[in-house]
Amino acid sequence: MTDKGSAHRSVFMRRLDRRGAIESINGAADTTWLKPFKLSKLLRVLNDLNDSVEEGLKMGKDLRTYLQELTEKRPQDVMVVDQEVDWRFQACAVVEKFEREDRFPLVFFKRIKGSKIPLIINLGASYERLALALGATSVEQMEKDLAEMERAPMALREVARGEAPVKEVILKGEEADLDLLPILTHNEFDAGQYVNAAAMICKERGTKNYNMGIYRHQKQGKRQLGLMINPANHGSYVRTEYEQHNEAMEVVLAIGHHPALNIAAVSKQSGIGQELEVAGAFLGEPLEMVKAETVDLLVPARAEIIIEGIVPPHKRQYEGPFGEWPHYYYKEGDQPFIQVTALTMRKNPIYQSIHSAHFEHNIIGAAPRMGSLYRRIKEAVPSVKAVNLPMSGAARAHCYISLKKLAEGEPKQAALAAFITEPSIKHVIVVDDDIDVFNETQVLWALAMRFQADRDLAILPNILGSHLNPTAYGHNRMEKGTMETKLIFDATKPLPPYEFPKEAKAPEEVIRRIDLQQDVRPFDAVKDSRFFIGS
């Protein structure tokens, strides 16, 4: 995020034309293509999709309960496309057309070519929509709420198959055909169709602790999906241990659930596991789980679609490239893959995708990370006030931390906690508590006025970082790899007895007495023109 209230400005807004896909939309924002989702119509659509939606609203939170809440409270955030849209570029081009106009609605596609299943995308492209899902009133409050809820994971609730909507349709073996799903090709040079909004669930080999994360899955056949995981993520450690013992890893992919599930999947827990229990904390109720059909795992009972499968050891298939969070195509080569063993779903499911390499990709990942960062940094430096992952760093590479400094050296402690929590962070700027980290102008002002590089800059080379950053390197500095050079900018004022100049501003008590609603009005041409022209 840059300036407060303007989360969606980016210094590197992309202007790619997906082989003419955007132009072929013929003005995608025109009402002949898109229209607002009126509440009454949404409820009809949801009831058409699933006759049990009203019963579902009473049973537990899921994607449909969230959509109902969204359209009741923020109906302007939802747009619908009635006509058939191509899965190859065109659906994402609609969303990018909005993005170029600085608009970020959730878009509901009723018909995707080649599938009978409707699709939603861009749900997570707004901090306000995510805050709504979590009951928060602001981004800063959401961050603090997430941190608090992470401290209180909620035990899972196992339900019978008859209570699980995701068991309404069960397809095994040859019937478990990925062609049934409206899987998108997102960006112009992506290697193919990608499942990218699925929470992958697996068990740690030794402890059987459940782990959950969101990764990228290239469709490589009717019953095969690629699996590319950042080596710094816990899911990679889990998979590697199975392979070291020459064992297959069982997995499930959960598609379409309340946003709390995916937010929890991206949160940064201190050890392997707890994401599912944290999802319950975010939901405010135990996450309902049910036994899978072909693997020894529990799956979210109220998901729209579940893909079950195994990851065979030592087998690889070429995967990528794919548009990633830095807004670049990156990372291709031999990767593990998932052999699909079953599909289960609701009778009339809704498929969900993320607008990769764009704002949704950044924001849906940033929101839970900010909560985890706040919690973990506060454990190291209790006086931390707020944390932001601004869009200027694609909501991953830059981190701004504000704190009330009580001892010299605390800013570096806070920054080190941030690096340990989120390896993708490359640059940390630490500021005093009078600086709003959600206002990038204020942060950069503090950097300009309170920082000197010879004293306040720390350079940390050869640290595990994001392998998706185009400048990441290996042991040989000229090779691509998983390491980055981290920077800590201490832009805090020195503590007494050093006297730092006072900031020039009006007295706070005077500012507090001013009511802009009462004391100021808009310009009125009839009343005020004579004062401006001197007559």
Side-chain angles (χ1 to χ4, degrees), residues 49-50 52 62-63 114-119 156 158-184 193-205 208 210-229 235 238-239 242 247-257 261-262 265 276 279 287-313 315 317 336-353:
L49 288 169
N50 189 342
S52 63
D62 56 21
L63 178 62
S115 177
K116 296 180 180 179
I117 299 173
L119 173 146
L156 306 177
E158 187 173 347
V159 301
R161 281 179 169 81
E163 298 178 63
V166 79
K167 297 293 188 179
E168 290 174 346
V169 176
I170 298 174
L171 303 171
K172 299 179 185 179
E174 294 293 313
E175 290 186 322
D177 187 346
L178 294 172
D179 287 347
L180 296 171
L181 307 181
I183 304 173
L184 301 181
Q193 295 166 274
Y194 272 83
V195 174
N196 69 339
M200 191 187 88
I201 299 168
C202 58
K203 282 182 185 175
E204 188 180 19
R205 182 182 178 276
K208 302 301 181 183
Y210 276 88
N211 181 257
M212 178 168 64
I214 298 180
Y215 314 114
R216 74 189 207 198
H217 306 282
Q218 183 182 350
K219 182 183 173 187
Q220 297 171 334
K222 289 178 179 291
R223 282 169 292 283
Q224 183 170 310
L225 289 169
L227 173 59
M228 202 290 289
I229 309 176
V238 173
R239 189 204 63 76
Y242 278 101
E247 295 174 6
M249 179 176 73
E250 296 181 323
V251 300
V252 294
L253 304 182
I255 302 173
H257 204 291
L261 185 76
N262 278 1
L276 288 165
L287 179 64
E288 294 179 355
M289 304 288 286
V290 65
K291 286 183 171 65
E293 296 297 316
T294 58
V295 295
D296 183 24
L297 294 169
L298 295 175
V299 307
R302 305 196 64 77
E304 296 289 320
I305 300 166
I306 294 290
I307 301 173
E308 301 180 12
I310 62 168
V311 181
K315 291 188 177 181
Q317 180 153 326
F337 55 83
I338 301 169
Q339 293 174 337
V340 176
T341 56
L343 284 176
T344 71
M345 62 187 77
R346 296 177 183 238
K347 287 180 181 176
N348 295 289
I350 303 171
Y351 183 84
Q352 183 177 357
S353 189

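With sequence neighbours left out, the salt bridge (Lys or Arg N to Asp or Glu O under 4.0 Å) criterion links Glu308 to no other residue. Here Gln317 pairs with Gln224 under the side chain to side chain donor-acceptor pair (under 3.5 Å) rule; sequence neighbours left out. For Tyr194, the side chain to side chain donor-acceptor pair (under 3.5 Å) partners at least two apart in sequence or on another chain are Gln218, Glu319. Legend: residues meeting side-chain contact (heavy atoms from CB on, under 4.5 Å) with Glu175, ordered by chain and number and at least two apart, are Leu171. Partners of Ile214 by side-chain contact (heavy atoms from CB on, under 4.5 Å), not counting sequence neighbours, listed by chain and number: Asn262, Ala265, Val266. Remark: Asp179 pairs with Lys219, Lys222 by the salt bridge (Lys or Arg N to Asp or Glu O under 4.0 Å) rule, at least two apart or across chains. Residues forming a side-chain contact (heavy atoms from CB on, under 4.5 Å) with Lys172 (at least two apart in sequence, or on another chain): Ile170, Glu293, Thr294, Ala342. Every residue was checked against the side chain to side chain donor-acceptor pair (under 3.5 Å) condition with Gln193, not counting sequence neighbours, and none meets it. For Pro182, the side-chain contact (heavy atoms from CB on, under 4.5 Å) partners at least two apart in sequence or on another chain are Ile112, Ser115, Ile117, Leu119, Tyr351. For Lys315, the side chain to side chain donor-acceptor pair (under 3.5 Å) criterion is met by no residue, not counting sequence neighbours.
The distance from the CG atom of Leu181 to the CD1 atom of Ile307 is 5.5 Å, given to the nearest 0.5 Å. A distance of 15.0 Å separates CG in Leu225 from OH in Tyr215, rounded to the nearest 0.5 Å. Here the straight-line distance linking atom CD1 of Ile305 with atom CD1 of Ile350 works out to 9.5 Å at 0.5 Å rounding. Taken from OH in Tyr242 to CD1 in Ile310, the straight-line distance is 12.0 Å, to the nearest 0.5 Å.
Considering every non-hydrogen atom in both Val295 and Gly309, the closest pair reads CG1-O, 3.6 Å. The two residues Leu343 and Asp177 come nearest to each other via the heavy atoms CD1-O, 3.5 Å. Between Gly256 and Gln352, the closest heavy-atom pair is CA-OE1, 3.7 Å. Closest approach of Glu158 and Lys291 over heavy atoms only: OE2-NZ, 2.5 Å. Taking each heavy atom of Cys202 and Val238 in turn, the nearest pair found is SG-CG1, 3.8 Å. Here the closest non-hydrogen pair linking Arg223 and Ala176 is CG-O, 2.9 Å.
Panel note: side chain Glu250, backbone Asp296; a donor-acceptor pair is recorded below 3.5 Å. Using modelled atom types, one side-chain atom of Arg161 and one backbone atom of Ala292 make a donor-acceptor pair closer than 3.5 Å. No donor-acceptor pair closer than 3.5 Å links the side chain of Thr344 to the backbone N or O of Val169. Checked by atom type and distance alone, the side chain of His257 never pairs as donor or acceptor with a backbone atom of Asp62 at under 3.5 Å. A donor-acceptor contact shorter than 3.5 Å links the side chain of Tyr210 to the backbone of Leu298.
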I would like to know whether Ile201 and Val251 meet side-chain contact (heavy atoms from CB on, under 4.5 Å); could you show each step before the answer? CA-CA 6 Å; Ile201 299 168; Val251 300; over 6 Å; no
When you look at Met200 and Leu227, which way does the side-chain contact (heavy atoms from CB on, under 4.5 Å) test go after all the steps? CA-CA 10 Å; Met200 191 187 88; Leu227 173 59; 3.7 Å; yes
Are Ile306 and Ile255 close enough, and set up right, to give a side-chain contact (heavy atoms from CB on, under 4.5 Å), and what steps lead you there? CA-CA 6 Å; Ile306 294 290; Ile255 302 173; over 6 Å; no
Residues Leu63, Leu261; criterion side-chain contact (heavy atoms from CB on, under 4.5 Å); working and verdict: CA-CA 10 Å; Leu63 178 62; Leu261 185 76; over 6 Å; no
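At a threshold of 4.5 Å between non-hydrogen side-chain atoms, the residues Glu204 and Asn211 do not count as touching. Between Pro313 and Glu247 the shortest side-chain heavy-atom distance does not fall below 4.5 Å. Put simply, the side chain of Val166 does not reach to within 4.5 Å of the side chain of Pro300, judged on heavy atoms.
Between Glu304 and Arg346 there is a salt bridge, since at least one side-chain N of the basic residue sits less than 4.0 Å from a carboxylate O of the acidic one.
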